[in-house]
Each structure stands twice: as C-alpha cells, then as structure tokens.
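Sequence lines set the chain letters: A, B, ... in the order given, protein chains first and strands last, and positions in each chain run from 1.
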Amino acid sequence: MKSPETKSLNFLENIIEEDIRNNKNSGIILTRFPPEPNGYLHIGHAKSICLNFGLAQKYNGKCNLRFDDTNPTKEEEEYVNSIMEDIRWLGFDWENRLYYASDYFDQLYEWALKMVKEGKAYVDDQSSEIISEQRGVPTRPGIESSYRKRTVTENLDLFERMKKGEFPDGTRVLRAKGDMSSPNMHMRDPVMYRIMHATHHRTGNKWCIYPMYDYAHGQSDYLEGITHSICTLEFEIHRPLYEWFLDNLIETEYRPRQYEFARLNLSYTVMSKRKLLELVKDGYVKGWDDPRMPTISGMRRRGYTPEAIRNFAEKVGVAKRENVIDVGLLEFTVREHLNKIAPRIFAVLDPVKVIITNYPEGKIENLHLEVNPEDPELGYRDVPLSREVYIEKEDFMEDPPSKFFRLGPGREVRLKGAYIIRCESFKKDDAGNIQEIYCTYDPETKSGSGSQKKVKGTLHWVSAKHAIDAEIRLYDRLFINEFPDEVEQEELDFKVNLNPGSLKVITGKIEPGVKDAKPSDKFQFQRLGYFCVDSDSTEGKLVFNRTVTLKETWTKLKDKTD
RNA sequence: UGCCCGAUGGUGUAACUGGCAACACGUCUGACUCUGAAUCAGAAGAGUCCAGGUUCGACCCCUGGUCGGGCAACCA
C-alpha cells in the first residue's frame, strides 16, 4: 500500500532518482542556473532558481551560477550584480562556482575551428534576410546556401579574418552544416558565430565574433560537467541541436542532458522581460523594484520573504504543461510566513476620533500587548492609552446592520488590549461626515483583568496624542484582468488592463513604539494586513508598503448581502 | 500541409509506473477567538479531452481524432 509519508516526486525528481539508481555520471548531480544578464530577475526565475538549486540540495549535488553572456550588445554588468544579489537573498549559494559563458570563448572558438576543418561548418557571406529566406518555413524545406560548398581552406581563412575584425557587423557568419530539409528549423544550418564589434562586459574588445546560444550552451554545460541542464519548454525543440553539437565535438561518453519544464505564469501579472521593461521605461511603475512588479527586487521591497517565495515555488510544482497560477497562492504563502514572524502593531489608516468621556483627562495608561500571539517568545510591547483615540472610520456605522460587529450608536466593542467601550453619541459636520464619536468605557473590563464580559467586536486603535504619522502605500494588483494579455480589440495591449488603483498613498496614524523601525522591517497592522518599512523612509518620517491584506472574509460577507 | 510538446475538480500538482482519483490553494458550513486573521472540525466540487483497442482491470499501454502551446533572431 501507499505510504502516506513518501511525498510524491515531480518528473525531474523521478528522472534524477532513476539516474542515481543507474549510477549515471557516478551518481553526481550538477545543475546550473543560467540567466542572461540583460534584465532583472522575476518570480518566474525564482521558480527556476528554486528548482535548480533545490534539486541539487535534495540530491547531494551542486548548482552552478552561469551567466549566459554571449551577446555583448544586450548585456551589462549592472544586471549581473542585481542577479547575484537576488539569488543570494532567495537563500541560495553557488559558492565558488560562478561562471560565465564568456569564460569559454577560447574553447568554443577552438571547437568551431575543428568543425570548420572537418568540413562541418562554413562561412556564409549572405545577409540575415537572405539566410532567413533560404531557411524556409516549418512546413517546407529550406534551400542550401551557395557558400555551403566553400573549401576548408577558404573557410578557415575567412573565419580567421572574421575573428581578426576584417569584416563589418552582419556581413558574414559561421554556420554549421546541418540539414536544410530538417523539419526542425533549428537544424537548418544554424548560425554558430556572428560578427559584433562590441565591447563585452567581461572580455572587453578581445572578440568581435560571438557564439550563438545554441552553439554555446551545451558546450558550456559539458565543460562544467553539468548532468541535468534544466530549461523552459521553448527550448525543447533546440535539444536535438544541443545534442548534435556535442556529438560532433566530444568524444567522451559523458553528456549533459537537457530537460524542459513549463515556465511559471501568474494571474493578474505579466512576466515577459519586454513587458516589464515597458512598464518601467514608460513610467507605469517607478522602477524595476517598484513593489507592484513581479521582480524579485520588487517583491523584496514589497515585503515578501525568501521563505514565502521558496515555499510558493514548492507548492506550485513542476510539470510540462502550460499553467497559470492563481496569485492568491503567492499571497497565501506570504501571509503564512508573515503570520509567524511579523510583530503586531496598531495602525489606523483612515482615522476618526473617539473621545472616551468618562476617562480621566490627562490620564495615560501604559498597556502591555503581545508582540505576536503566534510566538509568545517575542514578549510584549508598550502601547499608551489616553482619553482620545483614533479608530478606523469604517469601524463605525451610524445605522449598522445586525451582522456588523463593530461600533454604532449604543453598541459596545472592545478596544483591543484595553477596555470595552460603548458609543453614546457622535457628531457630524454639515456634509454629514462623522467628526467625533463619544463613548464611555467600563473600567472593569481591562484586558487581562479576568473580566468575563464579552463583546462581539474588537477594534484596533491608537492614542490620539501619542500616535505618529506615517506614509502608507497601499498596493494592489497591477492589473485588473486575471489575464492581462486578454484585450477586447486587436490594437490594444496589456496596458489597458492596468489597475488605476494599484497604488494609493495615504497618511496613517501608527502606534509610537515603532518610530525607530528600519527599512524592510515587517509588521502586521492588526486587522488590516502586513506592512513593510520602505527604503524611502527618512529620519522623521516612516513610509510603509502594504505587502498584502489579511484574508478578508468580512468583505466577502458584506458583498454577498449587498 | 511539417515537426515537437501537452491535456486529471475553479487553479496547480499527484496517483507506488495497470488495481476503481489524492494533496494544496480557493469555495462553503460550523467551532473557537480580545485580530471578522490565525487555528480546529467538516462539506461540496473531477470519474481523468473524445472514440476505439489491449486487459479480469486503463488517468497510466496501443491506434485514430479533437483542442491548446511551441518551432521560420546574426536573441536567450
């Protein structure tokens, strides 16, 4: 029978366990995470990072970090730094195994030479337009380049001169002699090298010819001794080529093997680098680390924790079918983690004043409230109470329905951690807005006093004279539509689905004890959600980002009865 | 008209490689509660894309369809 404690394996784990059983590669597991340093990492990359490093960890292997920097015109140092920071922050370590595809340029060149000498590669003088045309279409075979039958001597000479910089960009390429009639487009004489007179972020001006991805990746894997080269589905059709190059170049029995999985898609989110770049460039968000962005840096700033993201990656699973994960799952994993670690505080975002008429003028009580009921070890914090407090405007209704467990004329609620108060009256301005609420408190009901009196509702509050102001940035989903790419008319794009209310900035009142909080400090504003101190905070002014609200069953209830 | 993948509750993943479908999120009840949170207890929800076949028995194997995705950068 099935033993419940054996967790089921995903298809990659199955493959790896099978390989270990067969002692393939002497049982060694070596994966790699191969980002191109041309942009910031996002939650989709996080899935891949967790997969590659996670698999290595699980099977006693290692995972290399290798920057796939074969295109100097797109890649920059700035990105390699942010990528390394993000991976470390996620909690993974490549130790001394930091590599670059550019580390292998010499070897790759030697191998190309070998292919030329063996008549397996040739220099093509045609333009990319012509080459592309000759390549044909998937349903129809291509035709061979007229340069395909150049002699080895001529190819050697030309390739040498390409390397020396004798030809301008785009005038010649080195191509492998594949099969122009292959049903797999990638096998139709793939380009191995192109001319680019560009400064590379690591090799400087040493090269003016650069290898293509297909020619570089498999060999890089081979040189590092990668056993399982895991990439996303769109590379599946590249695999025959990946293997073909290796078979033509390598004599040893060892081969890295490429496996493909389905990339992560998230509802209410766009994930493509191009679209994210557009959001940044055109000012729809304030930068790559805008807390609304699905980038690792954005999520970090938003208040996500590495644990939450890793757990999310775990829960999402790995398979080969297209998928769209509900952002709700991501929100669940942050709440789950933050619930355990975030200190609780009171913060009133939309304040209305409550005057406790029978509370002595000038009296201040110092209340001791739990930092986090989920973790008693964290102890207590001090919260001052005085005659005037702020509560949330929406916690008072002039004419509340019976299911409204909060304040209303004649109703009683508990001020959390303090006393039960009863609303006696209230004052409105000419426009009908509630200005002040007058309550009496019952001194017998102090929290912790053992009072048996029960009320249905408990409110968070903050002492009016002690509260400090803070800027609060209320973030919401960046897109209105579950599938941002879904648009009504052809000429529109994902930007029409942008949520105009994805950021609301307000000034809130927070309890005084947190005035020295530091950027990235995380709190639960009780009854509201999880918030994180933003790096925009200054000496006298705290700025908070809302990471995520608490689960809101009340909102649902309310909507249902409306 | 080619080639390569894939298809299991609303979503995602699983089913010891053939033994009558499980877990998580979500949803809905109810309990508890000094956070309408958390926690706890429970429920609904798929008969596994379709049609054949093999088999005592099929989500799993075979055949043929259907639908979805990918492949035609000197990008990765």
Should the side chain of [X] and the base of [N] be counted as holding a donor-acceptor pair, with the cut-off at 3.5 Å?
X	N	answer
A:Gln524	B:U35	yes
A:His186	B:A73	no
A:Arg321	B:G69	no

Using atom [atom1] of each nucleotide, how far apart are [N] and [M] to the nearest Å?
N	M	atom1	answer
B:A7	B:A43	C1'	29 Å
B:U48	B:C59	P	7 Å
B:A24	B:G42	P	12 Å

Of the candidate nucleotides [options], which contains the atom at the shortest distance from the side chain of [X]?
X	options	value
A:Arg406	B:A76, B:A37, B:G36	B:G36
A:Asn339	B:A37, B:A38, B:G36	B:A38
A:Thr139	B:A37, B:G2, B:G6	B:G2
A:Ser8	B:A14, B:C5, B:G12	B:A14
A:Met196	B:A76, B:C75, B:U13	B:C75
A:Tyr213	B:A76, B:C74, B:G36	B:A76
A:Pro138	B:C71, B:G36, B:C25	B:C71
A:Met212	B:A76, B:U27, B:U11	B:A76
A:Arg527	B:G6, B:G36, B:C74	B:G36
A:Glu374	B:C74, B:G70, B:A37	B:A37

So, is [X] close to the [N] phosphate, meaning a side-chain N or O under 4.0 Å from OP1 or OP2?
X	N	answer
A:Thr70	B:A76	yes
A:Arg239	B:C3	no
A:Arg194	B:A76	yes
A:Ser132	B:A73	yes
A:Asn71	B:C75	yes
A:Thr555	B:G36	no

By the rule that syn is within 90° of 0, classify the base conformation of [N] as syn or anti.
N	answer
B:U17	syn
B:A73	syn
B:G47	syn

Look up atom [atom1] in [X] and atom [atom2] in [Y], then write down how far apart they are to the nearest 0.5 Å.
X	Y	atom1	atom2	value
A:Phe167	A:Leu158	CZ	CG	5.0 Å
A:Arg335	A:Gln524	CZ	CD	11.0 Å
A:Tyr390	A:Asp395	OH	CG	16.0 Å

G-U wobble or Watson-Crick pairing nucleotide for [N] (cut-off 3.5 Å, both distances):
N	result
B:A22	B:U13
B:G6	B:C67
B:A43	B:U27
B:C60	none

Mind checking [X] for me? I need base, sugar-phosphate or nothing, with any heavy atom below 4.0 Å counting as a touch.
X	answer
A:Asn38	nothing
A:Gly529	nothing
A:Gln126	base

Separation of atom [atom1] in [X] from atom [atom2] in [N], rounded to whole Å:
X	N	atom1	atom2	answer
A:Glu322	B:U11	CD	C1'	15 Å
A:Ile237	B:A73	CD1	P	13 Å
A:Lys551	B:C40	NZ	C1'	13 Å
A:Ile420	B:U33	CD1	C1'	14 Å
A:Gln134	B:A73	CD	P	13 Å
A:Phe332	B:A37	CZ	P	14 Å
A:Lys454	B:U33	NZ	P	6 Å
A:Phe312	B:G12	CZ	P	12 Å

note = On RNA chain B, more 5' by nearest nucleotide between A:Val173 and A:Lys416 is A:Lys416

Pairwise 5' ranking along RNA chain B for A:Gly328 and A:Phe405, keeping only the more 5' one = A:Gly328

key: Six-ring centre of A:Tyr268, A:Arg477 cation under 6.0 angstrom, axis tolerance 45°   =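 Yes; both conditions hold, so A:Arg477 lies above the ring face of A:Tyr268.
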
ask   = Do A:Arg202's NZ or CZ and the ring of A:Tyr100 fall within the cation-pi criteria of under 6.0 Å and 45°?
value =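 Yes, a cation-pi geometry.
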
remark   = Residues A:Val137 and A:Met185: closest non-hydrogen pair is C-SD, 3.7 Å

key: Contact summary for A:Gln526 and A:His460, nearest pair of heavy atoms   = O-ND1, 3.5 Å

request  = For A:Arg381 and A:His368, indicate whether the former's side chain and the latter's backbone hold a donor-acceptor pair under 3.5 Å.
outcome  = no

query = Can you list the steps and then say if A:Tyr441 with A:Tyr419 is a ring-ring contact (aromatic ring centres under 6.0 Å, His included)?
reply = CA-CA 6 Å; A:Tyr441 85 114; A:Tyr419 299 91; 4.8 Å; yes

